[in-house]
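Notes follow the structure.
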Amino acid sequence: MALLQPWTTGLMAVLAMAMSPGIFGDPDPLVAEPKEMIVKKESHPVLFRQKREWIWNSLYVEEEKPAPIPYKIGQLKSSQRVEVKRFKIEGEGANTIFTVDHKGDLFVSKSLDREEKSLYHLTATMYDGNNKVIEDSGDFVVQVTDINDNSPVFTGVFNGSIMERSSIGTKVIEVRATDADDPTTANGELRYSLINSGDLSAFEIDSISGMISCKTNSLDRETRSKYVVVVKAQDMRGMASGSTGTTSVTITITDTNDNIASFTRRTYDLYVPENHKLNEKIGTLDLEDRDQIQNKEPIFTLPHDLNRMFAVEVSPTKDGNLVLRQPLDYETRDSYNFTIQVRENHRNLRFSADNAGTALTSALVHIKVLDVDEPPVFSQPIYTFTVLEERLVNNIGTISAKDPDRAAKSIRYSILDKDCPISINPFTGQLSTIRTLDRELEATHMFQVRAQEEPSGLEAFVKVNIIVQDVNDNKPELIVDETILCENDMANTVIGMLRATDKDNQPASFTFSLAYPSSNFSIKDYGNNSADIVVAQGPFSLDDPRDYSLDVSISDGGRPLQTSVTRVVFKLCQCDSRRIPTRCKALPRKIGVSVHVLVAILLCIVTILVIVILFVMKKRYQKDSLTSMKNSGEIHEQLVTYDEEGGGEMDTNGYDVSILSSACHDGSLLRHPDHHPHPSLYAIVQKPHHHSQPQAGKGDMAAMIEVKKDEADHDRDGYPYDTLHIYGYEGPESLAGSLSSLESSSTDSNLDYDFLNDWGPRFRVLAEMYGVDEPEYYHQY
C-alpha cells in the first residue's frame with residue numbers, strides 16, 4: 001500500500017491536467033497529439049521530449065481464486081497518447097503467472113496463495129510500432145489479498161504446575177497458537193477460551209494473551225494432584241464464523257508441607273534377642289504423611305531415661321528405625337515399655353496442618369528381650385601376671401569366667417598353645433609353670449586361654465600375659481681391651497682398665513679384685529664399676545719365657561651374690577717413651593675347637609658312616625643274589641664247548657677232562673714269581689664242528705686257565721672265576737651239584753697267597769696264614 005501511494009498521487013495529478021483544456025486541449029489523440037510525436041508506422045527524429053509518467057490502476061489479486069482462464073486484474077497506462085504501442089513486463093511471475101496484451105491489460109493465469117507469496121514485484125516498458133521505447137521501465141507490485149483459509153494451530157505440548165494452596169490469580173502457563181492468515185486482518189487475530197470438556201472450576205484463561213491462571217485458593221494436592229484443561233483458539237477475533245483449534249494443557253499440583261506425620265498404629269510390639277548387635281535396627285516405626293517424601297520431616301522423642309539405651313533414626317522412606325545403643329541382657333531385664341512422640345519440623349510447615357486433629361503423634365512401644373545361649377564371660381578383658389624366673393610356681397594367678405545365662409553352666413579352661421610353659425587347671429583356672437622361665441631368653445609369654453561351657457558348649461577366649469621378673473642368676477662378665485705390657489713399665493704404672501657387664505636386669509655394683517695373689521700386678525678398684533690394672537713390680541724382659549697374665553675376680557653386688565673369675569693375658573712389647581709398642585712378643589696360641597668346627601666334624605663323620613653302611617648293604621645284597629642262584633638246581637658249565645645236555649657224569653663226549661689233566665701234569669697251572677701273564681686265548685680256541693671231538697693242546701689249555709686265574713686275582717671287585725665262564729646251575733636232577741667256589745671256605749681255596757709277600761712287611765703275616773706249600777698245591781690237582 002505504501003508503494004502504491006505515490007503512484008496514486010501521480011495518477012490524480014495527471015487526470016487533473018488532462019481535464020484542463022488550457023493545458024492539453026482536445027483529448028482526442030489525433031488532434032491533441034503534438035507534431036513532434038511519432039505517427040503511425042513513421043518515425044522522425046526526436047527534437048524534444050517531455051517526461052511522462054505511468055498511470056497505474058490498483059493491482060490486487062484475491063488468493064485462492066480459481067483461474068481456469070486468465071482474468072484481468074488491471075491495466076498498464078501512460079500519459080502519452082500513442083495509438084500503436086506494445087507492453088513488456090519483467091519480474092516475479094512475469095509472462096507465466098502474469099501476462100499483458102497490447103492494450104496494457106494485465107491478466108492472472110493461475111490461483112495464488114497469500115501464505116505462500118503475498119507480493120509480486122514486476123517492471124513494465126512501453127514501445128511504439130517501431131519497437132522504440134516510449135516510456136522507460138516502471139516498477140509496480142501485485143498484491144495477493146488474504147482470505148480466511150487457515151485455522152489456528154497449537155505447536156508443542158503444554159504442561160504447567162502450581163503449588164497447592166496458591167492464591168487467586170497465580171499464573172500457571174501461557175498458551176499460544178499460530179494462524180497462517182494475515183495477522184493485520186481479522187483472519188489472523190485469535191481469541192482464547194476454555195471449553196467445557198475440561199475442568200473449569202479452578203482455572204481461567206486470558207482471551208488475548210492465552211495466560212492460564214488460578215481462580216481459587218483451595219488447591220489441595222492430597223485431594224487432587226493433576227488437572228487437564230482444554231484451550232480453544234479462534235480467529236476472526238473470536239466470532240462464530242472464525243476457524244478454531246484446540247489443545248489440552250496438563251496442570252500438576254505441587255506439594256507443600258501442609259500435613260504432619262502420624263503413626264500408623266497406636267502400639268508397636270518388638271521382639272529382640274539379647275545378643276543383638278549394637279547400632280543396628282531392631283524395628284521400624286511406620287509413619288503416614290500425606291505430603292510427598294521431601295516434605296516428610298518427622299522428629300522423634302524418646303523418654304529421657306532410655307535415650308542412651310535406644311535411639312530412633314529416620315529411614316530413607318522417612319519412617320522411624322528403632323536402633324539399639326547399649327547391649328541387652330535377658331538375665332537383668334527382659335522387657336522395655338515406653339511411649340515415643342513424633343512431631344513435624346515446624347520451620348518447614350508453611351500452612352496449618354490439614355490433619356492436625358486426626359494425626360497420631362504418640363505410640364506405645366513394647367520390646368520383649370529374648371534369651372540367647374551366650375558364651376562364657378571373663379572377669380577381665382585381659383590378664384597380666386608376674387613370675388620370678390628360674391622358679392617353679394604353682395599359683396601364678398587365676399583365670400575366671402562364668403556363664404552369663406540363667407543356666408550357669410560349669411566352665412572348663414584350656415590353653416591353646418601346646419608349647420606354652422604355663423599350664424592351667426581345667427576346673428579352677430589356676431595358672432602354674434611347667435618349667436622354669438628364663439627372663440634372658442624370653443621376658444614375656446603371651447597366650448590365649450579358652451573357656452568352654454560343659455559339655456562341649458559355647459566357648460570364649462581371653463589373652464594372658466606372663467611377665468618374667470628378673471633374679472640375679474647371671475655372673476658378671478669382664479670387659480677389657482687388649483692390654484699392652486711394656487718392658488720398661490715400673491711400679492704403679494696403669495697398664496689397663498677393667499669394666500664389667502651383667503645380663504641381669506637388676507642394677508649391679510661391680511667390684512674388682514685379684515683372684516690369686518700376684519707379685520707383678522695389682523688392681524685398683526674405684527668403686528664406680530671400673531678398676532685399673534697397676535704394675536706392682538717391674539721392669540720386664542722380652543727374653544723372659546714366661547707369659548704374664550692376671551686372674552681378675554668380679555662381684556656384681558646383687559642378691560644372691562654372683563662372682564666370676566676371668567684371666568687377663570698381657571701382651572709384652574718393647575715401647576717408646578709414650579708406651580707405643582715397637583716390637584711385641586707373640587702370645588701363646590689357645591688350643592681349642594669352636595662349636596661350629598665340632599658340628600662340621602660330626603656331620604662329616606655321620607656322612608662317612610652312612611656311605612659305609614650303604615656300601616656294605618650293597619655287597620650283602622649281591623652275595624644274597626648269588627646264593628639264590630645256587631638253589632635253582634640247574635648248572636651251566638662249559639670249558640670250551642658244551643654241545644650236548646643230559647647224561648651227567650656219563651657225558652664224556654661233550655666235556656674233555658684230559659685237558660685239565662694235561663695242564664696239571666705239565667705244571668703250567670703253578671704260579672711262580674717270575675711267571676708273566678699270557679695273552680687271552682679266546683681268539684686261539686676254536687669251536688669244533690658239531691659231533692666232532694674237541695681238539696685242544698694241553699699247553700694251550702693250561703696257559704688259558706692261568707691267564708684267567710691271573711685276571712681274577714687282580715680283579716678285587718668281581719666274583720671268583722673257576723672256569724672260562726661263570727658256573728651256573730643247570731638241571732635240577734644233576735648229581736654233580738655246583739662246581740663254583742663261591743661258597744667254598746677260605747681254608748679250602750687253591751689260591752696262592754704268596755704274592756702278599758711282595759706287598760711289604762705289613763702283609764707278610766697274612767701271607768704266612770693263608771699261604772700253602774708247593775707239595776700241597778700240586779696234590780690238589
Side-chain angles (χ1 to χ4, degrees), residues 438-441 443 470 472-605:
D438 189 354
R439 189 202 66 84
E440 286 70 37
L441 294 178
D470 185 43
N472 194 26
D473 59 341
N474 289 278
K475 294 182 180 181
E477 299 177 1
L478 181 65
I479 300 176
V480 60
D481 299 329
E482 184 181 34
T483 305
I484 302 299
L485 179 62
C486 296
E487 280 186 317
N488 55 356
D489 283 342
M490 305 302 292
N492 297 326
T493 301
V494 177
I495 62 174
M497 178 180 291
L498 300 177
R499 291 170 297 164
T501 183
D502 197 335
K503 293 181 180 180
D504 294 321
N505 196 29
Q506 300 179 1
S509 177
F510 299 109
T511 58
F512 304 88
S513 61
L514 291 176
Y516 307 102
S518 176
S519 59
N520 297 104
F521 307 100
S522 63
I523 294 178
K524 185 177 181 181
D525 193 342
Y526 293 103
N528 58 354
N529 295 332
S530 64
D532 287 339
I533 302 176
V534 182
V535 176
Q537 182 179 356
F540 307 93
S541 175
L542 289 178
D543 297 331
D544 191 346
R546 293 181 301 170
D547 294 325
Y548 294 95
S549 62
L550 184 66
D551 293 325
V552 180
S553 175
I554 311 171
S555 174
D556 62 2
R559 293 185 181 182
L561 185 66
Q562 296 290 339
T563 60
S564 64
V565 176
T566 306
R567 170 163 292 185
V568 180
V569 179
F570 306 123
K571 187 175 183 180
L572 184 59
C573 301
Q574 289 181 351
C575 306
D576 56 14
S577 59
R578 294 179 297 176
R579 296 193 82 253
I580 297 177
T582 57
R583 185 169 69 88
C584 297
K585 179 181 178 181
L587 292 175
R589 293 184 178 180
K590 296 182 179 180
I591 301 176
V593 181
S594 65
V595 177
H596 299 288
V597 176
L598 288 176
V599 171
I601 293 174
L602 289 176
L603 289 176
C604 293
I605 294 173

| field | Pairs satisfying salt bridge (charged side-chain N to carboxylate O under 4.0 Å, His left out), at least one member in residues 497-510, at least two apart | value | none

| remark: Taken in chain and number order and not counting sequence neighbours, the residues that satisfy side-chain contact (heavy atoms from CB on, under 4.5 Å) with Leu602 are none

| field | Partner set under ring-ring contact (aromatic ring centres under 6.0 Å, His included) for Phe521, not counting sequence neighbours | value | Phe540, Phe570

| Considering only the SG atoms, does Cys575 lie under 2.5 Å from Cys486? | yes

| request: Quick one: closest heavy-atom pair of Ala491 and Ala536, and the distance? | output: CB-O, 3.5 Å

| Can you list the residues that meet the salt bridge (charged side-chain N to carboxylate O under 4.0 Å, His left out) rule with Arg546, with sequence neighbours excluded? | Asp544

| query | Do the side chains of Leu561 and Asp556 get nearer than 4.5 Å, heavy atoms only? | reply | yes

| remark: For residues 487-508, the ring pair (Phe, Tyr, Trp, His ring centres under 6.0 Å) pairs (sequence neighbours left out) are none

| Listed by chain and number, what are the side chain to side chain donor-acceptor pair (under 3.5 Å) partners of Asn488, not counting sequence neighbours? | none

| Under 3.5 Å: donor-acceptor pair, side chain of Arg579, backbone of Asp489 | no

| Can you name the closest pair of heavy atoms from Val565 and Ala515 and give their distance? | CG1-CB, 3.7 Å

| field | Met497 side, atom CE; Ile479 side, atom CD1 - distance, nearest 0.5 Å | value | 12.0 Å

| note | Asp470 meets the side chain to side chain donor-acceptor pair (under 3.5 Å) criterion, sequence neighbours left out, with Arg439

| task | Compare every heavy atom of Ser541 with every heavy atom of Leu572, then report the nearest pair and how far apart it is. | result | CD2-O, 3.1 Å

| Contacts of Arg567 that satisfy side-chain contact (heavy atoms from CB on, under 4.5 Å) - sequence neighbours left out | Ser549, Asp551, Val569

| Heavy-atom closest pair, residues Thr493 and Met490 | OG1-O, 2.8 Å

| task | Taking the side chain as every heavy atom from C-beta outward, state whether Phe510 and Leu498 have any atom pair closer than 4.5 Å. | result | no

| said: So, taking the atom named CD1 in Ile554 and the one named CG in Leu478, what distance separates them when rounded to the nearest 0.5 Å? | reply: 4.0 Å

| task | Quick one: closest heavy-atom pair of Lys571 and Cys584, and the distance? | result | CE-CB, 3.7 Å

| said: Under the disulfide (SG to SG under 2.5 Å) definition, can you give me all pairs with a residue in residues 512-544, not counting sequence neighbours? | reply: none

| task | Report the C-alpha distance between Thr501 and Glu477 in whole Å, list the side-chain angles of each, state the deciding distance to 0.1 Å, and finish with yes or no for side chain to side chain contact (heavy atoms under 4.5 Å, CB included). | result | CA-CA 5 Å; Thr501 183; Glu477 299 177 1; 4.0 Å; yes

| query | Taking only residues two or more places apart in sequence or in another chain, which ones pass side-chain contact (heavy atoms from CB on, under 4.5 Å) with Ser513? | reply | Ser553

| With side chains defined as the heavy atoms from C-beta onward, is the minimum distance between Val480 and Thr566 less than 4.5 Å? | no

| note | Residue set satisfying side-chain contact (heavy atoms from CB on, under 4.5 Å) with Gln574, at least two apart, ordered chain then number -> Glu487, Leu542, Thr582, Arg583

| Of all pairs that satisfy side-chain hydrogen bond (donor to acceptor under 3.5 Å, both in side chains), the ones with a partner from residues 523-537, not counting sequence neighbours | Tyr526-Asp532, Asn528-Ser530

| task | Quick one: closest heavy-atom pair of Ile484 and Ile495, and the distance? | result | O-CB, 3.8 Å

| task | Evaluate the side chain to side chain contact (heavy atoms under 4.5 Å, CB included) criterion for residues Ile523 and Leu550: first the C-alpha distance (whole Å), next the side-chain angles of each, then the deciding distance (0.1 Å), finally the verdict. | result | CA-CA 10 Å; Ile523 294 178; Leu550 184 66; 4.1 Å; yes

